Asker: 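Dropping the structure in here first, questions after.
Position 1 is the first residue of the sequence, and the numbers go up from there. Ligands are counted one by one from 1 in listed order, and the atoms in each one are counted from 1 as well. Values below: every heavy atom of this structure, side chains too, minus hydrogens, waters and symmetry copies. Since we're looking at a predicted model, the values are computed, not measured.
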Amino acid sequence: MEQKINELLNTQINHEFYSAYLYFAMSTYFSEINMDGFAKYMKKQAKEELSHAQKIYDHLILRNEKITYKRIEAPDTDWVNPQDVLDNALKHEEFITSQIFEIAKAAKEANDFATKNFINWFIEEQLEEEDKFRKLKEKIKAFDECSCTIEAINRELDKDGE
Ligand code: FEO
C-alpha cells in the first residue's frame with residue numbers, strides 16, 4: 001500500500017472516532033432536553049461510527065499495514081436547537097463523504113484495487129447516512145410552528161430501540 005493511502009486510511013479511522021464522539025455529544029444534548037427518542041437515535045449513530053473505525057482498522061491489519069493513533073478532537077457543542085444539531089450532523093456527514101471520495105481517488109490513481117474495492121462499501125454507506133439525516137431534518141422542519149411534530153418524531157424514534 002502506498003504511504004499516502006495508509007495515511008488517508010489512518011486519518012479516516014480518526015474521523016470515524018470523531019464522528020462517534022460528535023454523535024455521543026448530540027445524544028447527550030437530546031437527553032438533557034428530555035428528547036429521549038432523539039438521544040437514543042444519536043447513540044445508535046455513534047455506535048455505527050465505532051464500527052466504521054473498526055472496519056478500516058481491520059482492513060489495515062489484514063494488509064499488514066501500520067496503524068497510527070491520533071488525537072480525537074472535542075466536538076463543539078453549542079447547538080441552539082434540535083434543528084441546529086441535525087444541520088450539523090448532515091454537514092458533518094457531507095464532510096465525511098468528501099474524505100471517503102479522497103481515499104477512492106487516491107486508490108484509483110495508485111492502482112490499489114484492494115483499497116478501491118474496500119472503500120466502495122463506505123461510498124454506499126455515506127449515501128445512506130446523508131439520506132438519514134436529511135430526512136430527519138426535513139421531518140422536524142415544522143418544529144418552529146408546532147412542537148407536537150417534534151414530540152411525535154421523538155416518540156417514533158424511541159420505539160425504534162437501540
Ligand atoms: Fe462513518 Fe457517518 O460516517
Asker: Can you check whether Q83's main-chain N or O pairs, donor with acceptor, with N81's side chain at less than 3.5 Å?
Answerer: yes
Asker: Would F38 and L136 count as a side-chain contact (heavy atoms from CB on, under 4.5 Å) if you check the C-alpha gap in whole Å, the side-chain angles of each, and the deciding distance to 0.1 Å?
Answerer: CA-CA 10 Å; F38 280 84; L136 195 53; 4.3 Å; yes
Asker: So which protein N/O/S atoms does atom 1 (Fe) of ligand 1 have within less than 2.8 Å?
Answerer: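 Metal shell, protein only: E16 OE1, E49 OE1, H52 ND1.
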Asker: Please tell me whether W121 and H59 form a close aromatic pair, meaning their ring centres lie under 6.0 Å apart.
Answerer: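 So the answer is no for these two rings.
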Asker: Salt-bridged, E138 to K135, with N to O below 4.0 Å?
Answerer: no
Asker: May I ask you to decide whether R63 forms a salt bridge with D112, counting only side-chain N to carboxylate O separations under 4.0 Å?
Answerer: yes
Asker: Restricting to pairs with a member in residues 88-100, which pass side-chain hydrogen bond (donor to acceptor under 3.5 Å, both in side chains), not counting sequence neighbours?
Answerer: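 side-chain hydrogen bond (donor to acceptor under 3.5 Å, both in side chains) check on residues 88-100 returns S19-H92, Y23-E93, D84-N88, E93-Q126, T97-Q126, T97-E130.
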